[in-house]
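Below: one structure, written as structure tokens.
Every chain is numbered from 1 and lettered A, B, ... according to where its sequence line falls, protein lines coming before strand lines.
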Protein chains: 2
Amino acid sequence: MAAKPKPTRVPTRDRILAQAARHFAERGFNATSLREVARDAQANPASVHYYFGSKEELYLEVISGFRERLSKERNDALLGINPKLRGARRIKAIVHAYIAPHLRLCADPTAAHYIRIVARATSETHYPREIQIPKEINTLREAFVRALAETLPTASQERLHKAFTFTVDLMLLAPVDTVYAALAGKPAWPDDPEKLIDEVAEFCTAGIMAMCG
Amino acid sequence: MAAKPKPTRVPTRDRILAQAARHFAERGFNATSLREVARDAQANPASVHYYFGSKEELYLEVISGFRERLSKERNDALLGINPKLRGARRIKAIVHAYIAPHLRLCADPTAAHYIRIVARATSETHYPREIQIPKEINTLREAFVRALAETLPTASQERLHKAFTFTVDLMLLAPVDTVYAALAGKPAWPDDPEKLIDEVAEFCTAGIMAMCG
DNA sequence: TGTACATCAGTGAACGCGCGTTCACTGATGTAC
DNA sequence: TGTACATCAGTGAACGCGCGTTCACTGATGTAC
């Protein structure tokens, strides 16, 4: 009755990537130790550099896949909005198109770390230049603000920008806020992403209408 | 025309405290180096321990004053709400009572660091136990949720908790979000706290009414 | 006024430790002839 | 089938550096008699 030898071992590169995501999510870039990552991934510290070259490149590797996936999903959702929708319903559809791809990642244990990493990065001012939020994200946000502007033609650009930024801020912080859990006696991690998406969309649609309607 | 010697030198303890606030705000607890703090404060690394004992105690010293001040201001503002107010006006007054003391700190350069520190701490899971968000803050939040419940008696406790948490999340992230600045070509730090307070209060009041009305 | 002692506000050097990164290396597997 | 070579997937030890903290110390100021 000896223990079975593991039949297929997860490749070292993937083990490092998974542990790195966890550490960056929990501690941030600067406070993450590659040696600890390697230890938790049962790998040699040198193999982190063998596969990824540097700490920065490892960080980029962790988030780049999700970034591209989210940008694509958001763009598709924006283009797929029913053109007949008007007013609050249309605003809610636009908000949903932006926040749903992000918040749905809560249900994916591999992706959950990404959510924490991005929430952290928003208020972070001391990351290395190379790994800050890229221009591409802003381009996408501009497209969403334009969509809001078409639906609410009387609102100023400034108000639209601000209302949309508030929406994004809430999308970022709502799933990672650990204080709500303590206050409400709920599990710290959202158990039902679709419910959270609905709640945030409802809250922000009303907020946007109030600020820009 | 020789440079005047400084007549009254800022005490070393205060110089350390000011630089520590800046570093904790910009880098977080783990990534802050006491040696760098000491260097920027033109002090000896040993004097940080001479005055504060340890890194954790220094962190607590940085935030404890603001914490107490905010709790008091919020409580006073809640008790001072005009009892005749009803409906959306009352909700807005409750929201204002909670967020205004926090967001007004934007105008105080010394306190601005505190805003960043707290925004960071909300999504942080790996601070030392001793320096996490204390119970006292949750007690205050309970009082605000009760005030909301009295104004919106048909809403469930869960919805009220969630809507209020969304409000707090936005209060935390709105002033520190650096992405909005890039998107709108605005200065990164809010120049007019009262305007930001009004906008956040308007957005969140509508959101709370939509979720709980 | 003089002198002894106590307190305050630091200082300089060192402690052991973990960090990101480099580099020469090794043993297993694949390919060419 | 045998053998030489190339590639792959790491490894072990070391690099210099900065970290939080400790500790014995110093020089200035205040107090008591």
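- Set against C:dA14, C:dA9, C:dT21, the side chain of B:Y51 has C:dA9 as its closest nucleotide.
- The interatomic distance linking B:H23 (NE2) with D:dC19 (P) rounds to 10 Å, in whole Å.
- D:dG27: Watson-Crick or G-U partner is C:dC8, with both key distances under 3.5 Å.
- A salt bridge does not link A:R104 to A:E73: none of the charged side-chain nitrogens sits closer than 4.0 Å to a carboxylate oxygen.
- Distance, A:Q42 CD to D:dT11 P: 11 Å, rounded to whole Å.
- Checked against a 6.0 Å centroid threshold, the rings of B:F52 and B:Y59 do not count as neighbours.
- Shown here, D:dC15 forms a base pair with C:dG20; the pair counts as Watson-Crick or G-U wobble because both key distances fall under 3.5 Å.
- Between the P atom of D:dG20 and the OH atom of B:Y59 lies a distance of 15 Å, rounded to the nearest Å.
- Counting to the nearest Å, the P atom of C:dG10 and the NE2 atom of B:H49 are 16 Å from each other.
- One atom, NZ of A:K55, and another, P of C:dG20, lie 5 Å apart when rounded to the nearest Å.
- DNA chain C is contacted by both A:R39 and A:N44; A:R39 maps to the nucleotide lying nearer its 5′ end (nearest heavy atom per residue).
- Taking every side-chain heavy atom of B:S33 into account, D:dC19 is the closest of C:dG10, C:dT21, D:dC19.
- Note on A:E158 versus B:K195: salt bridge recorded, some NZ/NE/NH1/NH2 to OD/OE distance being below 4.0 Å.
- Counting only heavy atoms from C-beta on, A:R35 has its side chain closest to D:dA14 among C:dA14, C:dG10, D:dA14.
- A donor atom on one side chain and an acceptor atom on the other are found under 3.5 Å apart for B:S54 and B:E57.
- One can place CG of A:N30 at 15 Å from P of D:dG18, the figure rounded to the nearest angstrom.
- Rounded to whole Å, the distance from CD1 on B:I16 to P on C:dA9 is 12 Å.
- A:F52 places its CZ atom 15 Å from the P atom of C:dG20, with the value rounded to the nearest Å.
- OP1 or OP2 of D:dA9 has not a single side-chain nitrogen or oxygen of A:T12 nearer than 4.0 Å.
- A:H23 and A:D40 share a donor-acceptor pair across their side chains, judged by distance under 3.5 Å alone.
- Looking at which nucleotide of DNA chain C each of B:Y50 and B:A46 is closest to, the 5′-most match is held by B:Y50.
- For D:dA32, the paired base is C:dT3 (Watson-Crick or G-U wobble, both distances below 3.5 Å).
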